[in-house]
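Here is the naming used below: chain letters follow the sequence lines, and residue numbers restart at 1 for every chain. Not measured: the values here are computed from a predicted model.
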Amino acid sequence: MKTSASAWQRLAAAARHTSEKNDDAAPFGFSTRVAALAMAAEQPALRAMVNRLLWRALGAALVLMIFSIAANYSSISLTADGDQDPFDPVAEVLTTS
Amino acid sequence: MSDDVEAAFDLAACLERVRARDQIAARELVEHLHPLVIRIVRAHLPRRVAEEDLAQEVFMKVFTRLGQFQGAVPFSHWVSRIAVTTCIDHLRAQKRRPEFRWADLSEKEADVLDAVLTSENDVGVNDALAARELVAKLLAQLKPADRLVIQMLDLEQKTLIEISQLTGMSTSLIKVRAFRARGKLQKLFEQLQKKERT
């Protein structure tokens, strides 16, 4: 009995005898259609640039949000506790005048 | 596609025009690349997918990603890799074929299989077409990437370097995939040998 490996090799060798006689040239109208579709599509570079800018803007907004929370943490926590009145600039001006 | 052909075509100028959204240049590029793309598509065509549709998908990816082409590899290799990965994606998407059985083979295919399993003689040239059909059915049992590698190695008789250039896989990965594919084929042959031809 033949070994399996050689069976595959003999089968592959037999399959190689077939000659592909297909025409490799593009069918009529194919290149025109593909080119038109490709050119009609949105410019990927522009889309990628807009995407990149949007992500950067989102990142910057997040950083700003975190920074402002950290900077005002004490007043925010006091307000949340309710022990002291929150800073009221209008009341401050009225009392001093 | 040789580098001489690329030089004669003036690929660089054509790519420059395509990047400037020149539709005529895009058409010329499609016509230039079609033989390369269609050969890959035909060799790795999944069931129920028309070769023209798949070729069109490859070209659309080429145009979409053209901005990413840096020239680190020849353009034909870059296009080949897109074609290969597109074919692999389609092969992965298709449902696995049912178990390989004698009953699924045509009379000619069964004769060829019988011959390679039992006979010392080579399969006749007249049976080459049946052998090819049989090979396609056997390869359909493999994982898409393994199938691609074994097809390029054993049927198209490409070298490891050529396959590496066309697919972007390392030569060691190609060897591993070829080993795995041959192992799976060996199991299939063993299973068929155990079963009686019906």
Return the option, out of I38(B), D154(B), L188(B), with the maximum number of heavy-atom pairs under 4.5 Å with chain A.
D154(B)

Given that the side chain runs from C-beta out, which part of L153(B) has a heavy atom under 4.5 Å from chain A: side chain, backbone, both or neither?
neither

Counting only non-hydrogen atoms closer than 4.5 Å, does V62(B) touch chain A with its backbone (N, CA, C, O), its side chain (CB onward), both, or neither?
neither

Not counting sequence neighbours, which residues clear ring-ring contact (aromatic ring centres under 6.0 Å, His included) with F179(B)? List them please.
none

How far apart are the closest heavy atoms of T32(A) and Q23(B), and which atoms are they?
O-NE2, 4.4 Å

Parallel, tilted or perpendicular: rings of H34(B) and F30(A) (30°, 60°):
perpendicular

Under 3.5 Å donor-acceptor pairs involving side-chain atoms of residues 53-69 of chain A, not counting sequence neighbours:
from   : atom 1 : to     : atom 2 : distance (Å)
S68(A) : OG     : L64(A) : O      : 3.1
S68(A) : OG     : M65(A) : O      : 2.9

Under a 4.5 Å heavy-atom cut-off, does chain B meet the side chain of A13(A), its backbone, both or neither?
neither

Give, as side chain, backbone, both or neither, the part of L66(B) having an atom under 4.5 angstrom from any heavy atom of chain A.
neither

Begin from the C-alpha positions of L37(A) and F63(B) and carry the test side chain to side chain contact (heavy atoms under 4.5 Å, CB included) through to its verdict.
CA-CA 10 Å; L37(A) 281 170; F63(B) 283 114; over 6 Å; no

Do V73(B) and L11(B) belong together in a cluster built from hydrophobic side chains that touch within less than 4.5 Å?
yes

Does any heavy atom of chain B fall under 4.5 Å from the side chain of A25(A), the backbone, both, or neither of them?
backbone

Using non-hydrogen atoms and a 4.5 Å limit, figure out which bit of E52(B) sits close to chain A: side chain, backbone, both or neither.
both

Over all atoms of both residues, closest heavy-atom pair of M39(A) and A26(B)
CE-CB, 3.9 Å

Considering only heavy atoms, which portion of A130(B) lies under 4.5 Å from any heavy atom of chain A: side chain, backbone, both, or neither?
neither

Between chain B and each of A12(A), S31(A), A35(A), P27(A), count heavy-atom pairs under 4.5 Å; write down the option with the most.
S31(A)

Evaluate Q56(B) against R33(A) for side chain to side chain contact (heavy atoms under 4.5 Å, CB included), listing each step before the verdict.
CA-CA 9 Å; Q56(B) 180 173 318; R33(A) 186 177 73 240; 3.0 Å; yes

Quick check for you: among E31(B), Q151(B), M60(B), which has the greatest number of heavy-atom pairs under 4.5 Å with chain A?
M60(B)

Tightest non-hydrogen contact, residues L155(B) and A15(A), listed as CD2-CB, 4.1 Å

